[in-house]
Number of protein chains: 2
Amino acid sequence: MKIGELSKTSGCSIQTIRFYEKEGLLSDPERTEGNFRLYDVTALKQLEFVKHCRSLDISLIDIKRLIDLKNKPEESCSSVNALIAQQLALVKKRMKELKALKNELQQMASTCNSDNTIEGCGIIKSLDS
Amino acid sequence: MKIGELSKTSGCSIQTIRFYEKEGLLSDPERTEGNFRLYDVTALKQLEFVKHCRSLDISLIDIKRLIDLKNKPEESCSSVNALIAQQLALVKKRMKELKALKNELQQMASTCNSDNTIEGCGIIKSLDS
DNA sequence: ACTTGACTCTATAGTTACTATAGGTTTTAC
DNA sequence: GTAAAACCTATAGTAACTATAGAGTCAAGT
């Protein structure tokens, strides 16, 4: 299949596919005589692997590491484990931050009386302090 | 004070201060004869306003909007309210996403037996599916 | 008076993960 | 045969900074 079909099948935009290729996350595809990229099911699977990792917010560099690890099936998977654990720690940290944000924003929102002018606005006041 | 002192007092890096100025979040400061930026307490307050907004993950564009609103003290503060509400919605949405991420990552992590090889690694398997 | 070092200046490039565009080529359908 | 659709590469833009290069300014010490 050509890139347009891969794009539709995978749900990745054409530019994103070309971008992943340039970043080394997808192997260089075959080309037609006219230089069009040609993909097979293996390429689709590669792309879906990347997509799944991205949906977990794993960075492109880490995805590359995972791909490299995948290609060494006999090695220990402790590095895979470590990578996922690190990702999990990152997510937990961000969640904690967002929780604090949410609290402050809710607190602020509650101080705003929408009949008021900006002059007396509780939100602006709390941002100023 | 000069930019170095403002940087230390505020906790913002020098480059960030210059960047905020270029983006119009801080008013253009006085200059010494030798073209060094000169700040006063007002500038420090402006910077702290920006910093506080950023700590709430409010985008620079929205901070600019808030600053513009601050300068119209007689207007209704409903737009301020709307902006904060929108920010809150954003944070809530991201929290929901992260919660789902966390669950999947935890689920994945639990399938990894660190004695195993990559070949049999449950994490890689779930990423492949 | 001179030099050294700390501080500042502007302008530019790099970061992440894409998205969008320009300008050109190839293929497909009628 | 031609027009539209799909494809190609290369480059610039996004957000919010951070880092660098190369130059100018200023204060202290000799």
Side-chain angles (χ1 to χ4, degrees), chain A residues 1-26 28-39 43 46-67 83 86-87 90-91 94 97-98 101, chain B residues 1-26 28-39 43 46-67 83 86-87 90-91 94 97-98 101:
Chain A
M1 64 184 124
K2 281 181 289 182
I3 198 167
E5 199 185 331
L6 181 65
S7 169
K8 264 174 204 154
T9 315
S10 66
C12 280
S13 79
I14 290 179
Q15 293 102 303
T16 299
I17 295 172
R18 291 200 276 242
F19 171 71
Y20 285 163
E21 178 188 327
K22 208 177 60 178
E23 296 296 304
L25 300 172
L26 303 174
D28 288 357
E30 302 288 311
R31 299 280 184 143
T32 65
E33 241 176 78
N35 202 32
F36 284 17
R37 288 171 178 80
L38 270 187
Y39 298 100
Q46 275 180 24
L47 183 52
E48 275 170 349
F49 180 85
V50 173
K51 237 195 128 188
H52 194 175
C53 290
R54 285 299 300 139
S55 80
L56 294 166
D57 251 13
I58 298 174
S59 71
L60 297 192
I61 278 196
D62 281 347
I63 297 175
K64 217 168 169 179
R65 283 193 197 116
L66 284 174
I67 291 172
L83 203 151
Q86 198 192 347
Q87 186 66 22
L90 216 114
V91 167
R94 187 64 186 145
E97 286 169 7
L98 284 184
L101 280 194
Chain B
M1 61 183 130
K2 281 181 288 181
I3 200 167
E5 201 185 331
L6 181 64
S7 169
K8 264 175 201 151
T9 316
S10 66
C12 281
S13 79
I14 290 178
Q15 295 103 301
T16 299
I17 295 172
R18 291 201 274 243
F19 171 69
Y20 285 164
E21 178 189 327
K22 209 179 56 175
E23 298 296 304
L25 299 172
L26 304 173
D28 287 358
E30 303 288 310
R31 299 280 185 142
T32 66
E33 240 176 81
N35 201 32
F36 285 16
R37 287 170 179 81
L38 271 186
Y39 298 99
Q46 276 180 24
L47 183 51
E48 276 170 348
F49 181 85
V50 174
K51 236 194 127 188
H52 194 176
C53 290
R54 285 299 299 139
S55 80
L56 294 167
D57 252 15
I58 297 173
S59 71
L60 297 193
I61 278 196
D62 280 347
I63 297 176
K64 218 168 170 179
R65 283 193 196 115
L66 284 173
I67 292 171
L83 203 151
Q86 196 191 348
Q87 187 66 22
L90 216 115
V91 168
R94 186 65 186 143
E97 287 168 8
L98 285 184
L101 282 193

Exercise. What residues, two or more places apart in sequence or in another chain, satisfy side-chain contact (heavy atoms from CB on, under 4.5 Å) together with B/R65?
Worked result: B/I61, B/D62, B/L83
Could you report the tightest heavy-atom contact between [X] and [Y], atom names first, then the distance?
X      : Y     : answer
B/L26  : B/Q46 : CA-OE1, 3.5 Å
A/L101 : B/S55 : CD2-O, 2.9 Å
B/Q87  : B/I58 : NE2-N, 3.7 Å

Nearest-Å distance, [atom1] ([X]) to [atom2] ([N])?
X     : N      : atom1 : atom2 : value
A/Q15 : D/dA10 : CD    : P     : 16 Å
A/I61 : C/dC18 : CD1   : C1'   : 15 Å
B/F19 : D/dA19 : CZ    : C1'   : 14 Å
A/E23 : C/dC18 : CD    : P     : 10 Å
A/I17 : D/dA6  : CD1   : C1'   : 14 Å
B/K64 : D/dA16 : NZ    : P     : 12 Å
B/L26 : D/dC17 : CG    : P     : 12 Å
A/K22 : C/dT16 : NZ    : P     : 13 Å

For this session: Whenever both distances are under 3.5 Å in a Watson-Crick or G-U wobble pair, mark it; put DNA chain C into dot-bracket that way, with [ ] for crossing pairs and | when the partner is on another strand.
Result: ||||||||||||||||||||||||||||||
Exercise. Considering residues, nucleotides and ligands other than B/E23, do more than 12 of their heavy atoms fall under 6.0 Å from its CD?
Worked result: yes
Below 3.5 Å, can you tabulate the donor-acceptor pairs from side chains in residues 14-21 of chain B to any protein atom, sequence neighbours excluded?
residue, atom, partner, partner atom, Å
B/T16, OG1, B/S13, OG, 2.8
B/E21, OE1, B/R37, NE, 2.7

Would you tell me if any nitrogen or oxygen in the side chain of [X] comes within less than 4.0 Å of OP1 or OP2 on [N]?
X     : N      : value
A/Y20 : C/dA17 : no
A/R31 : C/dT25 : no
A/T16 : C/dA17 : no

Which pairs of donor and acceptor atoms, one on a side chain in residues 2-9 of chain B, lie under 3.5 Å apart (sequence neighbours left out)?
residue, atom, partner, partner atom, Å
B/S7, OG, B/C12, O, 2.7
B/T9, OG1, B/E5, O, 2.7

Exercise. Could you give the distance from CD1 (B/I67) to CG (B/L25), rounded to the nearest 0.5 Å?
Worked result: 5.0 Å
Problem set entry | Rounded distance [0.5 Å steps], CG in A/L56 versus CZ in A/R54 | 10.0 Å
Exercise. Counting side-chain heavy atoms from CB outward, which of C/dT27, D/dC26, D/dT18 is closest to B/T32?
Worked result: D/dC26
Seminar exercise, completed: Tested for side chain to side chain contact (heavy atoms under 4.5 Å, CB included) against B/R94, the lone hit among B/L98, B/V91, B/L90 is B/L98
Between the protein and nucleotides 2-8 of chain C, which nitrogen or oxygen pairs come in under 3.5 angstrom?
residue, atom, partner, partner atom, Å
C/dT8, OP1, B/G4, N, 2.7

For this session: Return the 5'-most residue of the pair A/E33, A/S13 with respect to DNA chain C, ranking by each residue's nearest nucleotide.
Result: A/S13
Exercise. Are side-chain heavy atoms of A/L47 and A/Y39 found at a separation under 4.5 Å?
Worked result: no
Exercise. Looking at residues 46-60 of chain A, who's got a heavy atom less than 4.0 Å off DNA chain C?
Worked result: A/R54, A/S59, A/L60
